[in-house]
Amino acid sequence: QLRLAESGGRVVQPGGSLRLSCVVSGFSLDKYAIGWFRQAPGKEREGVSCIDTTGETTTYRAAVKGRFTISRDNAKDTVYLQMNGLLRDDSSTYYCGARFTDCPTTATTELAPYFGSWGQGTQVTVKG
């Protein structure tokens, strides 16, 4: 059974940094693309970033390019999302999802329907 567990979310001031982690179990991470998503109350889940099975190909939504970096360590069964220069608009619940093989070619913001096996989410709040 595929399991994903996100962590690292907390309250941070604008301009601050956070690193989110997605730890997976029950499957071989090196066969799956991993996406990071966010969902605010009352809104749809939106793609933030995706990383392919090898880590060589990554995608980002326009709003986070240059500020967020996705990476993976298959040996540790973990995918990271380094978030720098955080804005109030980045406040949301962040989820990771797994997809067998690689990131879809659709726009990063529209990735959610292509992923499954979601974690429970981690809350990021940017305020102050």
So which heavy atom on [X] is nearest to which on [Y], and how close?
X: Met83; Y: Val124; answer: CE-CG2, 3.9 Å
X: Val126; Y: Arg88; answer: O-CG, 3.6 Å
X: Lys43; Y: Gln39; answer: O-NE2, 3.0 Å
X: Thr106; Y: Leu111; answer: CG2-CD2, 3.4 Å
X: Val79; Y: Arg72; answer: CG2-CB, 3.8 Å
X: Phe115; Y: Pro104; answer: CE1-CD, 3.8 Å

Would you tell me whether [X] and [Y] have side-chain atoms, one donor and one acceptor, within less than 3.5 Å of each other?
X: Asp52; Y: Thr58; result: no
X: Arg19; Y: Tyr80; result: no
X: Thr59; Y: Thr108; result: yes
X: Asn84; Y: Ser17; result: yes
X: Thr109; Y: Glu46; result: no

When you compare the side chain of [Y] with that of [X], does any pair of heavy atoms fall below 4.5 Å?
X: Tyr32; Y: Thr101; value: no
X: Asp30; Y: Thr53; value: no
X: Ile70; Y: Gln82; value: no
X: Thr78; Y: Val24; value: no
X: Tyr60; Y: Val48; value: no

Straight-line distance of [X] [atom1] to [Y] [atom2], nearest 0.5 Å:
X: Phe37; Y: Tyr95; atom1: CZ; atom2: OH; value: 12.0 Å
X: Tyr94; Y: Arg38; atom1: OH; atom2: CZ; value: 4.0 Å
X: Glu6; Y: Cys96; atom1: CD; atom2: SG; value: 4.0 Å
X: Leu81; Y: Ile51; atom1: CG; atom2: CD1; value: 10.0 Å
X: Trp118; Y: Cys22; atom1: CH2; atom2: SG; value: 10.5 Å
X: Phe27; Y: Leu4; atom1: CZ; atom2: CG; value: 4.5 Å

Testing Asp77, Val23, Asp73 for side chain to side chain contact (heavy atoms under 4.5 Å, CB included) with Leu29, which one passes?
-> Asp77
Among Asp90, Thr93, Val11, find the residue that satisfies the side chain to side chain contact (heavy atoms under 4.5 Å, CB included) test when tested with Thr125.
->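 It is Val11; the other options fail the test.
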So is Arg61 actually on top of Trp36's ring, under 6.0 Å and inside 45° of the axis?
-> no
Common cluster, Leu87/Val64, ILVMFWY with side-chain heavy-atom separation under 4.5 Å =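 In one cluster: no.
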